[in-house]
Peer 1: 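I have a structure here, written as structure tokens, and I will follow up with some questions on it.
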Amino acid sequence: MTLSPSLLEDALHWRREFHRQPELGYQEQQTSQFIAEELARAGLQVFRGLAGTGVIGTLENGSGPVIGLRADMDALPITEKGDAEWRSSTPGVMHACGHDGHSAILLAAARQLAATRQFSGTVHFIFQPAEENLGGARKMVEEGLFQRFPMDAIYAMHNWPGLPLGSLAVNPGAMMASLDSFEITLHGKSCHAAMPESGADPMVVAAELILALQTIPSRRLSPLASAVVSVTQIHGGEAINVIPEQIMLRGTVRCLQTSVREKVRGLIDEFVTTLPRPFGVSGEINWLPGYPVT
């Protein structure tokens with residue numbers, strides 16, 4: 001099936017408009033409105049409101065299987081650099097993960113199938129809000145997506161920089177890693193920086209802990225296992241000459257096997273509770289569970 005030059009031109013225009021006017025998760029009001037109008041113009045039944053800004057376009061063409069095709073709509077809280085004509089017009093918000101492209105692709109697919117009808121059955125085109133760490137898919141399911149729109153299967157895709165142009169890749173096993181976030185709090189005893197012996201320094205522990213956590217993938221797991229532990233934030237301290245009372249570390253863990261995910265979490269818990277003790281510091285961790293292995 002070959003797409004017409006006019007449809008390809010429209011898809012490019014849609015993508016650039018989405019990119020120019022990005023919206024964060026659960027705030028995709030303008031994006032969802034535009035998508036709903038285009039779906040209706042193409043002759044689809046349009047349903048709105050799941051997970052707030054979610055949009056479903058339904059196309060029926062006789063009897064046959066019922067499938068779902070899904071794309072995400074939200075952008076990231078990132079300031080865009082560069083001078084492209086279609087760069088973000090919203091300060092601090094940018095389509096840096098390609099959801100503008102995903103939405104444009106799915107919208108083009110809906111219009112193509114509506115025009116050609118070269119299939120039998122029903123297709124639900126699902127435009128999901130809040131993919132970026134906010135659980136928009138889960139919320140759509142909880143609010144009755146599959147009860148209102150029963151499907152035999154559902155398909156999705158994600159852009160993948162590095163693949164040759166025009167290529168698609170599938171994988172029989174894990175395709176994308178799990179994502180868990182953590183907040184580690186180190187409790188010490190504040191004192192003057194010139195008299196460290198009178199306190200308990202959580203800053204030193206933070207440094208030791210950041211390095212120690214990197215030994216989990218390299219020394220506590222098999223080379224055949226896949227895991228990445230990244231500490232991405234460190235917060236603490238106010239005065240330059242005072243050792244702080246408390247330090248907070250934040251970061252993420254990604255794994256490609258569920259068993260490895262569980263093991264890594266246990267090892268991090270162990271490091272957080274035991275490593276600070278000889279320094280007179282205590283540690284605690286708050287896990288923010290995310291998506292499982294895809």
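All heavy atoms count here, side chains included; hydrogens, waters and symmetry mates do not. Counting from 1, the numbers follow the sequence of the chain as shown.
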Peer 1: Apply side chain to side chain donor-acceptor pair (under 3.5 Å) to residues Thr90 and Ser88 and explain how you reach the verdict.
Peer 2: CA-CA 5 Å; Thr90 305; Ser88 172; 4.6 Å; no
Peer 1: In Å, rounded to the nearest 0.5 Å, how long is the span from CD of Glu28 to CG of Asp74?
Peer 2: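 CG of Asp74 is found 5.0 Å from CD of Glu28.
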Peer 1: What's the spacing between Met157 CE and His102 NE2 if we round to 0.5 Å?
Peer 2: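 Between Met157 CE and His102 NE2, I get 5.0 Å after rounding to 0.5 Å.
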Peer 1: Verify the cluster assignment for Ile35 and Val46: are they in a single hydrophobic cluster under the rule of side-chain heavy atoms below 4.5 Å apart?
Peer 2: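 As far as the 4.5 Å side-chain criterion goes, Val46 and Ile35 are connected within one cluster.
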Peer 1: Could you check whether atom CD of Gln233 has more than 12 heavy atoms from other residues, nucleotides or ligands sitting under 6.0 Å from it?
Peer 2: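 Count over threshold, so yes.
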Peer 1: Give the C-alpha distance, both sets of side-chain angles, the deciding distance and a yes or no for side chain to side chain donor-acceptor pair (under 3.5 Å) between His187 and Glu284.
Peer 2: CA-CA 8 Å; His187 301 279; Glu284 59 185 16; 3.3 Å; yes
Peer 1: Are the side chain of Asn159 and the backbone N or O of Cys97 linked by a donor-acceptor pair below 3.5 Å?
Peer 2: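 At least one qualifying donor-acceptor pair exists.
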Peer 1: Could you pull out the closest heavy-atom pair between Glu23 and Gln30, with the gap in Å?
Peer 2: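 That closest heavy-atom pairing would be OE2-N, 3.0 Å.
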Peer 1: From the options Leu213, Thr252, Ile210, select the one residue that forms a side chain to side chain contact (heavy atoms under 4.5 Å, CB included) with Ser230.
Peer 2: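 Option passing the side chain to side chain contact (heavy atoms under 4.5 Å, CB included) with Ser230: Thr252.
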Peer 1: Between Glu80 and His19, does a side chain to side chain donor-acceptor pair (under 3.5 Å) hold up when you go through it step by step?
Peer 2: CA-CA 10 Å; Glu80 182 167 12; His19 193 93; 2.9 Å; yes
Peer 1: Donor-acceptor pair, distance only, cut-off 3.5 Å: does the side chain of Arg15 make one with the backbone of Leu12?
Peer 2: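 Looks like no, no N/O pair under 3.5 Å.
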Peer 1: Give a yes or no on whether Ile268 and Ile247 share a hydrophobic cluster (residues Ile, Leu, Val, Met, Phe, Trp, Tyr; joining criterion: side-chain heavy atoms under 4.5 Å apart).
Peer 2: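 The answer is yes; both residues are in one hydrophobic cluster.
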Peer 1: Give me the atom names and distance for the closest heavy-atom approach of Ala206 to Ile234.
Peer 2: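 What the structure gives for the nearest pair is CB-CD1, 4.0 Å.
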Peer 1: Quick one: does Gln257's side chain have a donor or acceptor within less than 3.5 Å of a partner on Ser226's backbone?
Peer 2: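 Yes, Gln257 side chain to Ser226 backbone: donor-acceptor pair under 3.5 Å.
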Peer 1: Look at the side chain of Glu143 and the backbone N and O of Leu50, then say whether any donor-acceptor pair between them is shorter than 3.5 Å.
Peer 2: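 No, because the side chain of Glu143 does not come within donor-acceptor range (under 3.5 Å) of the backbone of Leu50.
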Peer 1: About how many Å separate CZ of Phe47 and CG of Leu39, when rounded to the nearest 0.5 Å?
Peer 2: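 The CZ atom of Phe47 is 11.0 Å from CG of Leu39, to the nearest 0.5 Å.
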Peer 1: With a cut-off of 6.0 Å (strictly less than), are more than 12 heavy atoms of other residues, nucleotides or ligands near CD of Glu9?
Peer 2: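 Not more than 12 within 6.0 Å, no.
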Peer 1: For residues Leu59 and Ile154: do they belong to one hydrophobic cluster (side chain heavy atoms under 4.5 Å, members Ile, Leu, Val, Met, Phe, Trp, Tyr)?
Peer 2: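 Unlinked, Leu59 and Ile154 end up in two clusters.
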Peer 1: Would you mind checking if Glu262 and Arg265 are paired as a salt bridge, meaning a charged N to carboxylate O distance below 4.0 Å?
Peer 2: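 Looking at Arg265 and Glu262, the cut-off is not met.
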Peer 1: With a cut-off of 6.0 Å (strictly less than), are more than 12 heavy atoms of other residues, nucleotides or ligands near CZ of Phe119?
Peer 2: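 Above 12, so yes.
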Peer 1: Has the side chain of Arg220 got a donor or acceptor atom that lies under 3.5 Å from a matching backbone atom of Pro217?
Peer 2: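 It does not hold such a pair.
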Peer 1: If you round to the nearest 0.5 Å, how far is NE2 of His124 from CD1 of Ile67?
Peer 2: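 If I round to the nearest 0.5 Å, the distance is 9.5 Å.
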Peer 1: Is it true that Arg219 and Gln214 share a donor-acceptor pair across their side chains at a distance under 3.5 Å?
Peer 2: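 Per modelled atom types, Gln214 and Arg219 side chains form no pair under 3.5 Å.
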Peer 1: Indicate yes or no: does Asp10 engage Arg111 in a salt bridge with an N to O separation below 4.0 Å.
Peer 2: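 Looking at Arg111 together with Asp10, the answer is yes, because their closest N to O distance falls below 4.0 Å.
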Peer 1: With a cut-off of 3.5 Å and sequence neighbours excluded, list every side-chain donor-acceptor pair involving residues 165-181.
Peer 2:
{"residue": "Ser167", "atom": "OG", "partner": "Pro164", "partner atom": "O", "Å": "3.2"}
{"residue": "Asn171", "atom": "ND2", "partner": "Ala174", "partner atom": "O", "Å": "2.6"}
{"residue": "Ser178", "atom": "OG", "partner": "Cys255", "partner atom": "N", "Å": "3.3"}
{"residue": "Ser178", "atom": "OG", "partner": "Cys255", "partner atom": "O", "Å": "3.2"}
{"residue": "Asp180", "atom": "OD1", "partner": "Arg261", "partner atom": "NH2", "Å": "2.7"}
{"residue": "Asp180", "atom": "OD1", "partner": "Gly290", "partner atom": "N", "Å": "3.1"}
{"residue": "Asp180", "atom": "OD2", "partner": "Arg261", "partner atom": "NE", "Å": "2.7"}
{"residue": "Asp180", "atom": "OD2", "partner": "Arg261", "partner atom": "NH2", "Å": "3.4"}

Peer 1: Should the ring pair Trp287 and Phe182 be called parallel, tilted or perpendicular, given that the plane angle runs from 0 to 90° and is split at 30 and 60?
Peer 2: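 Trp287 vs Phe182 ring planes: perpendicular.
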Peer 1: With rounding to the nearest 0.5 angstrom, report the OG to CD distance, Ser89 to Glu17.
Peer 2: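 If we round to the nearest 0.5 Å, Ser89:OG and Glu17:CD are 9.0 Å apart.
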Peer 1: After noting the C-alpha distance and the side-chain angles of Gln29 and Gln33, does the key distance pass the side chain to side chain donor-acceptor pair (under 3.5 Å) rule?
Peer 2: CA-CA 6 Å; Gln29 300 292 343; Gln33 178 67 28; over 6 Å; no
Peer 1: If you round to the nearest 0.5 Å, how far is CG of Leu256 from CZ of Arg254?
Peer 2: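 Between Arg254 CZ and Leu256 CG, I get 10.5 Å after rounding to 0.5 Å.
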Peer 1: May I ask you to decide if Arg117's main-chain N or O and Asn61's side chain share a donor-acceptor pair within less than 3.5 Å?
Peer 2: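 Indeed, once roles are kept as given, a pair shorter than 3.5 Å links the two residues.
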Peer 1: Do you see a donor-acceptor pair shorter than 3.5 Å between the side chains of Arg277 and Ser282?
Peer 2: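 No.
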Peer 1: Name each donor-acceptor pair under 3.5 Å that joins a side chain in residues 103-110 to protein atoms two or more places apart or in another chain, with its distance.
Peer 2:
{"residue": "Ser103", "atom": "OG", "partner": "Asp72", "partner atom": "O", "Å": "2.9"}
{"residue": "Ser103", "atom": "OG", "partner": "His99", "partner atom": "O", "Å": "3.3"}

